[in-house]
Amino acid sequence: MAKTVKKTRESQYTEILAGRNKTLAQCSVLGFRFPNESHAHGFHYGLMNAYVDYLLFDSTADGTAVVIIPKESEQADQIRAIAQQAGGNEYKPNLKL
């Protein structure tokens, strides 16, 4: 029987970003915790409504969200403000999980 290898968030994000000709090292990873999944979805809609240029958005059922942007992007503060309006608090995500 073949052993199943669980992919980490880091490996998943690396694979996705490769399709956009970016590496994770070329990006900034912003993580936010929300009271619930609904607030995280509201945050995502807020990003879309503000036309924020992000490379990847990922959220989980526990209300956490990760936004990956190019390091040269000047939109990190705008993303933080939108997250705060949606009830989020910034945290440093562990991509090794």
What's the separation between atom OH in Tyr13 and atom NZ in Lys7, rounded to the nearest 0.5 Å?
13.0 Å
How close do Leu55 and Lys22 get, heavy atom to heavy atom, and via which atoms?
CD1-CG, 4.1 Å
Taking every heavy atom of Ala40 against every heavy atom of Gly63, the minimum-distance pair comes out as CB-O, 4.2 Å
Would you please name every residue forming a side chain to side chain donor-acceptor pair (under 3.5 Å) with Arg80, sequence neighbours left out?
Asp77, Glu90
Would you call the rings of Phe57 and Phe43 parallel, tilted or perpendicular, taking 30° and 60° as the class edges?
tilted
Between Ala50 and Gln78, which heavy-atom pair has the shortest distance, and what is it?
CB-NE2, 3.6 Å
For the OG atom of Ser28 and the CD atom of Gln75, what is their distance to the nearest 0.5 Å?
12.0 Å
Let me confirm one number: the CD-CD distance from Gln12 to Glu15, rounded to the nearest 0.5 Å.
8.0 Å
Please report the interatomic distance CG(Leu56) to SG(Cys27), rounded to the nearest 0.5 Å.
9.0 Å
Search all heavy atoms of Lys6 against all heavy atoms of Leu97 and return the closest pair with its distance.
NZ-C, 4.4 Å
Would you say Leu30 ends up clustered with Tyr91 if hydrophobic residues are merged whenever their side chains have heavy atoms under 4.5 Å apart, either directly or through other cluster members?
no
Out of curiosity, Gln26 CD to Ile69 CD1, how far, rounded to the nearest 0.5 Å?
13.5 Å
Any chance CD of Gln84 has more than 12 other-residue heavy atoms, nucleotides or ligands included, within less than 6.0 Å?
no
In the structure I gave you, are the side-chain heavy atoms of His39 and Phe32 within less than 4.5 Å of one another anywhere?
no
Provide the closest heavy-atom pair for Leu47 versus Ile79 in the form atom of the first, atom of the second, distance.
CD2-CG1, 4.0 Å
Rounded distance (nearest 0.5 Å) linking atom OG1 of Thr60 with atom CZ of Phe34
10.5 Å
Looking at every non-hydrogen atom in both residues, tell me the closest pair between Ser59 and His41 and how far apart they are.
OG-CE1, 4.3 Å
Same cluster or not: Ile16 versus Ile68, using hydrophobic residues (I, L, V, M, F, W, Y) connected whenever any side-chain heavy atoms lie under 4.5 Å apart?
yes
Please answer: with hydrophobic residues joined when any side-chain heavy atoms are less than 4.5 Å apart, are Ile82 and Tyr54 in the same cluster?
yes
If you apply the rule side-chain contact (heavy atoms from CB on, under 4.5 Å), what do you find for Thr8 with Leu95, and how did you get there?
CA-CA 7 Å; Thr8 63; Leu95 301 185; over 6 Å; no
Tell me, yes or no, whether the heavy-atom count around Glu74 atom CD, taken from other residues, nucleotides or ligands under 6.0 Å, exceeds 12.
no
